[in-house]
Participant: 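Have a look at this one before I ask anything.
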Amino acid sequence: MKLIEDAGVELEVVEYLTTPPSVKELDCIVTMLGLEPEDLMRKKEAVYKELGLAGKILSRAEAIQTMVENPKLIERPIVVQGNQAVIGRPPENVNELL
């Protein structure tokens, strides 16, 4: 956030745990990132193991729905500007949007 603020860019923070994205929103974000939905999943989260997702092949729709229902699975932070998005880890990735 500091990189963005220092660049003078106005930002809106979305607390995805309290306000998870919709299926449509997450599908759009995944597309902007140029990733497959499973690439956005945090595989070390306990819920990933609890849901038995390791080794499971999910369709795009199933993977997105699973993340919407279990937002802890979504890699973060995700920075979106216009029709571009990056994962903010490492933080330097954000420079691509500034």
Side-chain angles (χ1 to χ4, degrees):
M1 286 180 38
K2 182 150 175 46
L3 278 170
I4 296 168
E5 290 169 350
D6 289 349
V9 176
E10 194 172 312
L11 67 107
E12 173 188 356
V13 176
V14 177
E15 297 289 339
Y16 73 97
L17 290 177
T18 55
T19 309
S22 68
V23 168
K24 184 178 179 181
E25 290 168 328
L26 189 56
D27 185 48
C28 184
I29 289 168
V30 170
T31 299
M32 284 190 280
L33 288 167
L35 299 174
E36 291 300 318
E38 288 193 28
D39 297 332
L40 193 59
M41 280 191 186
R42 295 174 56 109
K43 295 172 178 68
K44 293 183 181 177
E45 284 291 329
V47 69
Y48 185 84
K49 294 173 186 158
E50 291 166 9
L51 294 173
L53 296 173
K56 208 174 193 183
I57 298 174
L58 300 175
S59 70
R60 180 181 180 90
E62 289 171 328
I64 290 171
Q65 184 66 44
T66 299
M67 286 187 282
V68 168
E69 292 172 0
N70 302 278
K72 282 188 176 184
L73 288 174
I74 302 171
E75 184 60 59
R76 58 200 180 268
I78 299 171
V79 179
V80 177
Q81 183 172 18
N83 62 352
Q84 297 179 315
V86 295
I87 296 174
R89 285 191 185 176
E92 293 75 28
N93 286 352
V94 175
N95 288 329
E96 294 175 31
L97 298 180
L98 301 178

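As a basis for the values below, the full set of heavy atoms in this structure was taken, side chains included, without hydrogen atoms, waters or symmetry mates. Residue numbers start at 1 and run along the sequence shown.
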Participant: How far apart are the closest heavy atoms of Y16 and P21, and which atoms are they?
Facilitator: CB-CD, 4.4 Å
Participant: For L58, is there any backbone N or O sitting under 3.5 Å from a side-chain donor or acceptor partner on E38?
Facilitator: yes
Participant: Nearest 0.5 Å, please: how far is CG in L51 from OG1 in T66?
Facilitator: 7.0 Å
Participant: Kindly indicate whether the side chain of M32, heavy atoms from C-beta on, has any atom under 4.5 Å from the side chain of I29.
Facilitator: yes
Participant: Check Q65 against V23 and note the closest heavy-atom contact, atom names and distance.
Facilitator: OE1-CG2, 3.1 Å
Participant: Compare all side-chain heavy atoms of N70 with those of E45 and state whether any distance is below 4.5 angstrom.
Facilitator: no
Participant: Measure the NZ-CD distance between K72 and E50 for me, rounded to the nearest 0.5 Å.
Facilitator: 9.0 Å
Participant: Is there a side-chain contact between M67 and M41 (heavy atoms, below 4.5 Å)?
Facilitator: yes
Participant: So for atom CG, which belongs to L17, do other residues, nucleotides or ligands contribute more than 12 heavy atoms lying within a distance under 6.0 Å?
Facilitator: yes
Participant: How long is the gap from CD1 on I78 to CZ on R76, to the nearest 0.5 Å?
Facilitator: 10.0 Å
Participant: If hydrophobic clusters are built from ILVMFWY residues whose side chains come within less than 4.5 Å, do V30 and I87 share one?
Facilitator: yes
Participant: Within the side chain of R89, is there an N or O that forms a donor-acceptor pair under 3.5 Å with the backbone of P77?
Facilitator: no
Participant: Does atom CD of E36 have more than 12 heavy-atom neighbours from other groups under 6.0 Å away?
Facilitator: no
Participant: If you take all heavy atoms of I64 and D27, which pair is closest and at what distance?
Facilitator: CD1-OD1, 3.2 Å
Participant: Applying the side-chain contact (heavy atoms from CB on, under 4.5 Å) criterion to L73, which one of V68, L40, L53 satisfies it?
Facilitator: L53
Participant: So which heavy atom on V94 is nearest to which on G88, and how close?
Facilitator: CG2-CA, 4.0 Å
